[in-house]
2 protein chains.
Amino acid sequence: MSLDNSMDASAHPLYERVKSHILHQISSGVWTPGEKIPSESELITQLNVSKMTANRALRELAHSGHLRRVVGVGTFVTEPKIESDLLEIPNIAEEIRARGHVYSARVELLAEERANSRLAENLGLTPGAKVFHSIVIHADGDIPIQLEDRYINPALAPNYLSADFSQKTPGEYLTELAPAQEAEHIVEALMPPKPVAKLLAMPEGEPCLVVSRRTWAKGIVASGSRLYHPSSKYRLGGRFAPIAQSSHGGIS
Amino acid sequence: MSLDNSMDASAHPLYERVKSHILHQISSGVWTPGEKIPSESELITQLNVSKMTANRALRELAHSGHLRRVVGVGTFVTEPKIESDLLEIPNIAEEIRARGHVYSARVELLAEERANSRLAENLGLTPGAKVFHSIVIHADGDIPIQLEDRYINPALAPNYLSADFSQKTPGEYLTELAPAQEAEHIVEALMPPKPVAKLLAMPEGEPCLVVSRRTWAKGIVASGSRLYHPSSKYRLGGRFAPIAQSSHGGIS
DNA sequence: GAGTGGTCTAGACCACGGA
DNA sequence: CCGTGGTCTAGACCACTCC
């Protein structure tokens with residue numbers, strides 16, 4: 001066997017092609033979660049690479065959470081977990097597709113409204129000002145993962161109401177219009193309001209992980225949204241290095 | 001020059017000792033942010049290691065954000081970032097005191113235990129290995145804000161059991177022992193187990209915001225902890241600039 | 001003991017950037 | 001041109017697990 005060089009040939013480093021090969025075997029279902037994959041020495045002969053190259057590919061995939069390695073035993077495909085990176089602004093559609101699952105969206109609401117005083121304050125508008133309001137259910141196959149309740153500043157997305165959110169998420173739509181300069185996140189655990197629980201098909205008594213977010217573009221508030229996730233189906237995660245000399249950033 | 005083997009000698013891999021050496025040069029101010037550090041070849045002769053070993057140490061420090069490498073130019077110490085606000089889970093004691101309230105702690109448990117298989121996997125130990133276990137309730141006055149359920153790798157904090165956690169938190173204690181190189185956070189919403197709810201004086205049916213954290217020092221897992229917060233009394237928040245070069249990171 | 005991952009070396013070639 | 005980082009190899013030794 002040899003690695004797919006396609007046409008671009010060795011544009012990518014060899015260890016990256018090894019990683020791609022392994023990820024492809026996983027996403028195409030050849031190697032399933034929990035299963036033991038070929039050992040280093042097997043990959044070395046199968047792919048005709050050196051031990052250091054194979055090892056680097058496997059090590060990096062283990063670090064990124066795709067594989068799990070156990071000395072003296074073998075290398076295994078990790079059980080998939082829906083988990084996003086706290087460092088990045090999460091894109092729920094990408095996350096689901098990255099798991100090799102089918103992303104689907106259902107638009108529950110897409111309308112123009114008038115801002116009440118509380119909303120106006122959040123978005124930096126005056127009470128009674130025109131705002132766009134969307135509610136979209138993001139699902140992994142048939143399983144709802146996120147209810148996105150979003151208000152938009154019309155100044156930054158005048159044609160928002162005529163967008164098609166069945167394939168492109170509101171976040172992706174806005175990303176193309178204006179890159180965000182800044183974002184604010186608040187994360188909390190809440191019992192969902194009844195209508196939210198119903199739309200997310202949640203059993204009685206299950207809490208939600210709620211991310212409230214505001215983004216700024218061109219110096220003004222572009223969008224304020226509230227993302228409800230069933231606690232059993234979603235969690236936030238991040239891995240990062242502490243700041244070097246900071247008074248924080250110890251083991252803590 | 002040679003690397004600090006201290007007493008534990010080559011218990012740690014060589015590339016980890018190279019990393020520690022570099023981090024120490026930075027934290028002690030020998031190499032300052034923005035400054036160019038010795039090149040690979042210089043480090044190779046100075047520390048008497050092979051190119052691959054030096055390269056791995058430098059590559060991993062670049063990946064973790066401590067260094068920045070530019071081909072044909074050199075390797076530089078990174079300027080401290082501001083964007084990690086959300087990512088530093090705040091020190092609960094500092095946070096309470098910053099509000100002008102009275103911080104208090106109650107140690108519920110401080111003991112040596114044997115790791116079961118799940119815990120051993122999380123900490124990178126073998127099942128049955130010795131671990132330290134602490135449970136501390138952090139309170140704002142009389143109001144419990146956080147239950148900290150923490151397991152420690154004894155290799156990195158041999159005297160953990162004789163520490164006094166009534167004034168100094170376990171996190172602060174560990175921070176002084178060994179600087180963490182990396183941390184992982186997972187945030188989720190959970191209904192608290194009965195004993196946790198009781199210790200936090202939570203009413204029936206209130207969810208918890210749960211932060212699970214692992215930290216790495218010297219290349220091994222230093223500590224794994226689970227922080228339970230009553231949803232009505234705590235939430236995570238932060239404001240930051242999206243990551244520049246990421247393919248993600250828009251308004252979203 | 002055989003197989004596994006984990007590390008390490010000595011040397012090699014390459015693409016790039018600056019003088 | 002030379003120094004930089006980036007990759008790659010062939011082979012080596014080790015600690016570990018499972019039989």
TODO: Name the first nucleotide and the last nucleotide along DNA chain C (5' to 3') that come under 4.0 Å of a heavy atom in chain B.
DONE: C:dT7 to C:dG17
Open item on the list: Looking at A:R59, I want to see if its CZ is surrounded by more than 12 non-hydrogen atoms of other residues, nucleotides or ligands under 6.0 Å.
Closed with: yes
- [ ] Return the residues of residues 51-60 of chain B meeting this criterion: a heavy atom under 4.0 Å from some atom of DNA chain C. Order them by number, or give none.
- [x] B:K51, B:M52, B:T53, B:R56
TODO: Would you please test A:I37 and A:Q25 for side-chain contact (heavy atoms from CB on, under 4.5 Å) and show each step?
DONE: CA-CA 10 Å; A:I37 76 169; A:Q25 299 296 102; over 6 Å; no
TODO: Please check if any side-chain donor atom of A:T169 sits under 3.5 Å from a side-chain acceptor atom of A:Y103, or the reverse.
DONE: no
TODO: Determine whether the side chains of A:S225 and A:S223 contain a donor N or O and an acceptor N or O closer than 3.5 Å.
DONE: no
Open item on the list: Does B:Y234 form a ring pair (Phe, Tyr, Trp, His ring centres under 6.0 Å) with B:Y228? I'd like the steps, not just the answer.
Closed with: CA-CA 10 Å; B:Y234 193 84; B:Y228 295 86; over 10 Å; no
- [ ] Decide side-chain contact (heavy atoms from CB on, under 4.5 Å) for A:V77 and A:T32; before the verdict, give the C-alpha distance in whole Å, the side-chain angles of both, and the deciding distance to 0.1 Å.
- [x] CA-CA 7 Å; A:V77 178; A:T32 58; over 6 Å; no
- [ ] Quickly work out the A:R69 CZ to D:dA15 P distance and round it to whole Å.
- [x] 19 Å
Task: Distance in Å, B:L199 CG paired with B:I135 CD1, rounded so as to fall on 0.5 Å steps - done: 7.5 Å
Open item on the list: Taking ring-ring contact (aromatic ring centres under 6.0 Å, His included) as the definition, give me every residue that meets it alongside B:H133, ordered by chain and number, with sequence neighbours left out.
Closed with: B:Y151
TODO: Assign each of A:G72 and B:V71 to its nearest nucleotide of DNA chain C by heavy atoms, then name whichever residue's nucleotide is nearer the 5' end.
DONE: A:G72
Open item on the list: On the nucleotide D:dG5, are OP1 or OP2 found under 4.0 Å from the side-chain N or O atoms that B:T75 carries?
Closed with: yes
